[in-house]
Amino acid sequence: MICNELIKDIKCTDILGDTNVSISGVNIDSRKIKPGHLFVAIKGTQVDGHDYIDKAIQLGAVAVLCEKAPKEPLSGITYIVVTSTEDAVGKVATRFYGEPSKHLKLIGVTGTNGKTTIATLLYNMFRKLGHRCGLLSTVCNYIEDEQIPADHTTPDPIELNELLAKMVEQHCEYVFMECSSHAIAQKRIGGLNFTGGIFTNLTRDHLDYHKTFENYRNAKKSFFDHLPKSAFAITNADDKNGMVMVQNTKATVKTYSVRTAADFKARIIECHFQGMYLEIDGQEVGVQFIGKFNVSNLLAVYATARMLGKQREEILIAMSTLHSVNGRMDTLHSPQGFTAVVDYAHTPDALKNVLLAIHEVDGKGHVITVCGAGGNRDKGKRPLMAKQAVQLSDKVIITSDNPRFEDPQDIINDMLAGLDAQDMKKVLSIVDRKEAIRTACMLAHKNDVVLVAGKGHETYQEIKGVKHHFDDKEVLAEIFKQS
């Protein structure tokens with residue numbers, strides 16, 4: 001593509017060099033630059049891409065998109081100067097890849113909890129309804145059956161548009177995508193054309209990055225602020241921020257609720273560990289999920305399918321065949337007669353929801369919770385998670401999650417700081433996660449429930465920059481086998 005065409009929608013403050021140069025690729029990572037590429041220099045949270053302009057040119061970059069032109073520009077190199085490369089990169093990326101989102105029905109899901117479940121269930125449902133689909137999620141990206149590993153909840157703008165372009169090539173019709181607060185704030189979804197957006201809920205998370213809850217909320221809200229008039233916005237009326245999210249959107253607003261008046265309603269008729277019977281839109285349906293939070297997730301899926309033109313009966317039939325997402329309320333049954341539940345819950349609210357779901361189903365035995373908190377992340381949620389676990393469990397074992405570059409014991413101490421003397425009577429702390437899980441299983445009796453929270457689908461434990469293989473479900477299966 002000719003550079004002129006690539007930047008025609010970008011407001012430039014200065015241009016040095018020839019814009020008729022041909023561009024064969026676009027990248028924000030200087031290590032991936034090849035001859036003929038455009039290098040986009042972005043000021044990130046860890047490094048500044050402007051420091052790598054010379055390296056990109058050495059590797060063959062013929063043009064540079066930057067915020068400040070060099071004092072001594074090199075001959076034969078085109079420098080495009082803009083106020084914010086973070087704002088510009090999405091527009092450049094989507095143009096380079098042929099504006100793929102305009103050829104797809106792209107649905108974005110944002111909120112603190114439920115994004116992966118809703119996006120994945122929509123992907124699975126629409127495939128069951130006979131459509132070719134793509135999925136962009138925390139667990140994995142999919143183009144139909146092709147798996148593409150996911151390093152971030154939302155890829156960078158260039159990788160994202162490349163994936164969307166491949167989905168267009170594979171004749172996908174629908175794409176369901178998680179939109180994290182980081183991705184929205186960092187303009188990773190800039191330039192994309194969304195058919196619809198879904199808001200799940202909002203609770204404390206990622207304050208290590210956003211600094212304040214208001215900043216975090218506003219990042220989510222800006223997603224809906226930028227939806228076009230032709231789109232729809234589906235919001236959770238049960239969340240106090242549900243209507244805040246859509247107060248400035250141009251999109252058509254629809255609400256869903258399990259507690260109050262809304263466009264789409266549901267209630268639980270019956271609940272057990274194998275699933276629930278629900279009433280949705282006046283029709284009964286059996287589903288293979290448990291917990292009120294999953295009723296909200298399923299209702300968001302139902303509402304989205306209706307907004308995409310599907311009929312009630314075909315949606316509910318497909319919904320009855322869906323299974324829980326990997327690492328979300330996964331249940332394993334031990335030879336001793338207790339149930340183990342593995343869940344990704346890594347925020348206070350998510351932990352509360354999972355424990356409430358267990359209590360809704362169970363009621364016969366004790367609940368033993370194994371949980372920790374991630375290192376180098378929001379420290380303020382650590383004591384809140386411990387308190388939530390203690391309030392809804394009979395026994396709690398505080399352990400390591402992904403300590404990253406922190407001392408695991410320091411993280412555990414931060415969690416314990418949220419507990420009083422009475423709480424501590426319920427609590428053990430074991431740094432080794434495998435031993436913590438083993439201890440919980442040793443303490444469990446028939447009809448008890450052991451919740452292993454925090455990692456869910458993850459198959460690693462990150463320590464000092466190294467990812468070591470660790471799978472909660474594998475550990476549980478091994479313990480069951482030994483016993």
Whether [Y] and [X] form a salt bridge (side-chain N of Lys/Arg under 4.0 Å from carboxylate O of Asp/Glu) is what I want to check.
X    : Y    : answer
K43  : E86  : no
R31  : D29  : yes
R132 : E144 : yes
K265 : D281 : no
K166 : E169 : no
R306 : D263 : no
D156 : K187 : no
D343 : R328 : no

* Using atom types as modelled and distance alone, determine if a side-chain donor or acceptor of H469 lies under 3.5 Å from a backbone N or O of T459. => yes
* **Validation row, ring centre Y123 to ring centre Y174 under 6.0 Å** => no
Ring geometry between [Y] and [X] (parallel below 30°, tilted from 30 to 60°, perpendicular above 60°):
X    : Y    : answer
F194 : F223 : perpendicular
H457 : Y344 : tilted
Y302 : F264 : perpendicular

* Asked: Does a side chain donor of either T94 or E99 reach within less than 3.5 Å of an acceptor in the other side chain?
  -> no
* Could you check if a side-chain atom of T347 sits within less than 4.5 angstrom of a side-chain atom of K381, using non-hydrogen atoms only? => yes
* **Sub-4.5 Å side-chain heavy-atom contact between C3 and I80** => yes
* Could you please spell out the steps behind the side chain to side chain contact (heavy atoms under 4.5 Å, CB included) verdict for V295 and F293? => CA-CA 5 Å; V295 180; F293 70 96; over 6 Å; no
* To do: Give the intermediate values and the outcome of salt bridge (Lys or Arg N to Asp or Glu O under 4.0 Å) for residues R382 and E406.
  => CA-CA 13 Å; R382 294 173 184 175; E406 284 194 69; 2.6 Å; yes
* Stepwise side-chain hydrogen bond (donor to acceptor under 3.5 Å, both in side chains) test for N20 and N4 -> CA-CA 6 Å; N20 283 318; N4 259 333; 2.9 Å; yes
